[in-house]
Protein chains: 2
Amino acid sequence: MSRPTKQSPERGSARTRLLEAARDIVRTKGFAATTVDDLCRAADVTKGAFFHHFASKDALGVAAAEFWAATTTGFFEAAPYHDPADPLERVLAYVAFRKAIIMGELAEFTCLVGTMAQEVYASFPDIRDACGRSIFGHTATLEGDIEAARQDRGITDDWTAESLARHTQAVIQGGFVLAKAGNDPELARESLDHLNRYIRYLFHVTEEEDIA
Amino acid sequence: MSRPTKQSPERGSARTRLLEAARDIVRTKGFAATTVDDLCRAADVTKGAFFHHFASKDALGVAAAEFWAATTTGFFEAAPYHDPADPLERVLAYVAFRKAIIMGELAEFTCLVGTMAQEVYASFPDIRDACGRSIFGHTATLEGDIEAARQDRGITDDWTAESLARHTQAVIQGGFVLAKAGNDPELARESLDHLNRYIRYLFHVTEEEDIA
DNA sequence: TGACACATACCAACTGTATGGTATGTATTC
DNA sequence: GAATACATACCATACAGTTGGTATGTGTCA
């Protein structure tokens with residue numbers, strides 16, 4: 001297969017194809033078990049191309065985390081959970097959305113940066129930090145709606161929007177771990193039901209005025 | 001260093017030392033990045049000893065998960081959170097205990113089988129299943145107290161003890177992922193505060209009759 | 001407009017080493 | 001003396017990374 005040119009970039013650049021391959025293969029096998037040859041084969045490029053674009057396998061890991069951050073940011077920005085006018089409804093819609101997209105194979109819905117961080121946190125601080133930026137950057141997008149809902153509902157209890165946003169991520173990430181350990185995606189969905197119930201409790205949503 | 005004999009087993013058997021090394025190194029570097037030589041060096045044995053006790057690295061992974069299950073079972077059985085007569089107090093004491101033991105280095109308090117399952121779920125089903133047995137075996141030990149508390153408090157809401165026990169594990173595992181990604185153990189503790197609050201809500205614990 | 005200089009994007013073949021695993025020998029225990 | 005529990009030396013392969021190249025685009029200046 002010829003490489004793409006300005007005139008025929010149909011396959012996307014080699015760099016992008018390598019990052020997509022990393023996203024898919026690392027989610028399946030983990031970072032350490034994913035070889036450079038694996039990635040080159042999947043992306044249909046040679047090792048020369050790999051090391052042209054990435055100084056090392058480590059550097060690819062960082063780039064893959066940043067690629068993940070960029071693509072998921074776009075994905076979540078375009079998602080419909082932002083539609084409700086009521087901020088609490090948006091928060092609950094976020095949880096419902098996270099539950100709804102848990103479908104298909106484990107490697108298709110689990111989180112690249114959660115998986116990588118878990119594995120390389122001590123060995124590759126650069127990758128770990130890139131994963132951290134992706135995760136905590138995402139939690140920050142939830143924080144606004146949570147804080148708005150807090151004020152909207154006059155909640156003054158001793159928890160912060162920041163902390164609840166992080167907890168939401170923890171429940172999602174933990175659900176993925178259990179889903180993998182039990183080889184059953186339903187285990188990830190189940191925890192989101194508990195999270196939904198917790199958030200309703202936090203905002204004193206009664207059965208009567210049930211929302212979302 | 002001489003190997004231990006029946007007369008001088010001071011270091012424990014080579015097999016046990018290898019399993020302890022696996023517990024420590026895999027939690028730090030992950031399973032794939034942990035080499036057989038790493039383990040032999042840490043356990044101060046040769047490769048011959050390794051492959052005498054384990055048919056393959058894969059088999060060691062399974063044995064390490066089982067070793068983890070056995071040792072943590074003993075550890076939690078001996079823990080003081082079982083003392084309260086009130087079953088709900090025992091549940092909340094469990095959560096408090098899980099929070100209290102989050103201290104020191106990440107690799108010292110994070111979960112071997114959660115880490116391994118996350119990494120090898122697709123590549124090594126035997127290891128994944130051993131990890132699953134460890135995790136879900138542990139959740140089962142909580143289930144009894146949760147169910148007793150449910151009946152004790154006359155809770156009839158539509159959640160099960162089994163499901164809440166699993167959710168508790170998900171929160172713990174997710175907290176570990178965030179703690180690693182943010183390189184800060186406090187992130188794991190934080191989610192346990194939310195879990196504590198959720199359980200109190202579920203059991204309608206009011207501020208006045210505050211327990212645990 | 002064309003020619004030159006240079007940069008970018010890739011490829012094929014190779015290298016040194018690390019890795020999981022094996023074959024064989026030996027000390028200890030029962 | 002037989003099984004167990006190791007140790008030593010070794011092997012084939014897989015691995016990350018390198019080398020030296022080619023094809024294509026791009027800026028520049030006459």
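Here is the naming used below: chain letters follow the sequence lines, and residue numbers restart at 1 for every chain.
For A:Phe51 and C:dA9, the CZ to P distance is 17 Å, given to the nearest whole Å. Summarising the geometry, the separation between CZ on A:Phe50 and P on C:dT8 is reported as 19 Å, rounded to the nearest angstrom. Here D:dC15 presents its P atom at 9 Å from NZ of A:Lys57, a figure rounded to the nearest Å. Here the P atom of nucleotide D:dT19 and the NZ atom of A:Lys47 are 14 Å apart, to the nearest Å. Atoms CG (B:Asp37) and P (D:dT8) sit 14 Å apart, rounded to a whole Å. One can place CZ of B:Phe54 at 11 Å from P of D:dC6, the figure rounded to the nearest angstrom. One atom, CG of A:Leu18, and another, C1' of C:dC10, lie 11 Å apart when rounded to the nearest Å. Rounded to whole Å, atom C1' of C:dT19 lies 12 Å from atom CG of B:Leu39.
Under 4.0 angstrom from either OP1 or OP2 of C:dA9 there lies no side-chain N or O belonging to A:His53. For the OP1/OP2 pair of D:dA5 and a distance below 4.0 Å, the side-chain nitrogens and oxygens of B:His52 include at least one atom meeting the criterion.
Note: B:Phe203 and B:Trp159 have perpendicular aromatic rings, judged against thresholds of 30 and 60 degrees for the angle between ring planes. Between B:Tyr94 and B:Phe76, the ring planes lie tilted relative to each other; the angle falls in the 30° to 60° range.
Residue B:Thr35 places its side chain closer to C:dG20 than to any other of C:dG20, D:dC6, C:dC11.
Take the nearest nucleotide of DNA chain D for A:Ala55 and for A:Asp38: the residue whose nucleotide is more 5' is A:Asp38. Take the nearest nucleotide of DNA chain C for B:Thr34 and for A:Thr46: the residue whose nucleotide is more 5' is A:Thr46.
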Query raised in the report: Are B:Arg197 and B:Tyr201 close enough, and set up right, to give a side-chain hydrogen bond (donor to acceptor under 3.5 Å, both in side chains), and what steps lead you there?
Result: CA-CA 6 Å; B:Arg197 194 181 289 106; B:Tyr201 274 129; 5.5 Å; no

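Under a 4.0 Å N-O distance rule, the pair A:Arg17/A:Glu20 does not qualify as a salt bridge.
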